[in-house]
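Fair warning: this is a prediction, and the values are worked out from it, not measured in the lab.
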Amino acid sequence: MTQTSENVTWLTQEAYNKLKAELEYLTGPARAEISAKIAAAREEGDLRENGGYHAAKEEQGKQELRVRQLTQLLESAKVGEAPAADGAVAPGMVVTIAFDGDEDDTLTFLLASREYASSDIETYSPQSPLGTGVMGHKVGEDAEYELPNGKKAAVKILKAEPYEG
């Protein structure tokens with residue numbers, strides 16, 4: 001999964017390959033497709049009132065932003081192994097916590113960068129207040145993190161297992 005330490009992002013080989021393939025698609029076939037859309041829309045005439053042209057240009061802008069993000073991410077990436085299943089909270093782990101020690105009030109989430117966000121499981125960044133608060137703690141330990149209002153919240157680590165997604 002990922003762990004950002006200053007400007008280094010740790011990725012598993014699988015994650016690196018997936019992001020590299022996405023970058024190759026965006027800089028190859030996807031670029032050609034969007035260029036063709038823009039050219040076709042341009043041929044339709046007046047660009048000021050051409051919705052297809054403006055939509056294609058907006059799509060191109062979003063695509064180029066993603067290319068820059070992926071390029072930067074992959075340039076600073078270090079490829080390593082998935083986290084060990086040793087019960088310690090680390091990036092790439094699915095973590096279950098109990099708020100204020102109340103085992104009925106729990107949250108299960110993936111501790112990873114937004115590159116891994118999916119609809120299957122809620123994802124928290126290792127740099128988020130909750131992420132930094134639980135990082136390195138082991139199952140059974142209490143942890144603390146800072147809320148937006150500046151107060152501290154206590155949680156207990158119930159589970160920490162490598163993400164299999």
Kindly compute the distance separating [atom1] ([X]) from [atom2] ([Y]), expressed to the nearest 0.5 Å.
X	Y	atom1	atom2	answer
L130	M135	CG	CE	10.5 Å
I97	I157	CD1	CD1	6.5 Å
E24	L19	CD	CG	11.5 Å
Q60	L65	CD	CG	12.5 Å
L74	Q69	CG	CD	11.5 Å
F109	S128	CZ	OG	7.0 Å

### Criterion salt bridge (Lys or Arg N to Asp or Glu O under 4.0 Å) on E58 and K62, from CA distance to verdict
CA-CA 6 Å; E58 185 175 326; K62 289 178 183 175; 3.4 Å; yes

Can you name the residues that form a side-chain hydrogen bond (donor to acceptor under 3.5 Å, both in side chains) with [X], not counting sequence neighbours?
X	answer
K138	none
Y124	E122
E141	H137
T71	none

### Summary
With sequence neighbours left out, the residues meeting side-chain contact (heavy atoms from CB on, under 4.5 Å) with T106 are T96, A98, L158

### Message
A153: which residues meet the side-chain contact (heavy atoms from CB on, under 4.5 Å) condition with it, sequence neighbours left out?
### Response
Y145, L147

### Message
If you compare all heavy atoms of K57 against all heavy atoms of I38, which two are closest, and at what distance to 0.1 Å?
### Response
CD-CD1, 3.6 Å

### Task
Applying side chain to side chain contact (heavy atoms under 4.5 Å, CB included), run through L23 and V67 and close with a yes or a no.
CA-CA 6 Å; L23 178 62; V67 165; 3.9 Å; yes

### Message
Tell me which pairs pass salt bridge (Lys or Arg N to Asp or Glu O under 4.0 Å) where either residue lies in residues 27-43, with sequence neighbours left out.
### Response
R31-E64, K37-E59

### Message
Going by ring pair (Phe, Tyr, Trp, His ring centres under 6.0 Å), name the pairs with one or both residues in residues 24-79, residues two or more places apart or in two chains.
### Response
none

### Query
Taking everything shown except E144 itself, do over 12 heavy atoms lie less than 6.0 Å from its CD?
yes

### Task
Please name all residues satisfying salt bridge (charged side-chain N to carboxylate O under 4.0 Å, His left out) with K152, sequence neighbours left out, ordered by chain then number.
E146

Side chains of residues 88-95: which donor-acceptor partners sit under 3.5 Å, not counting sequence neighbours?
none

### Task
Find out whether V155 and D142 are in side-chain contact, i.e. whether some heavy atom of one side chain is under 4.5 Å from a heavy atom of the other.
no

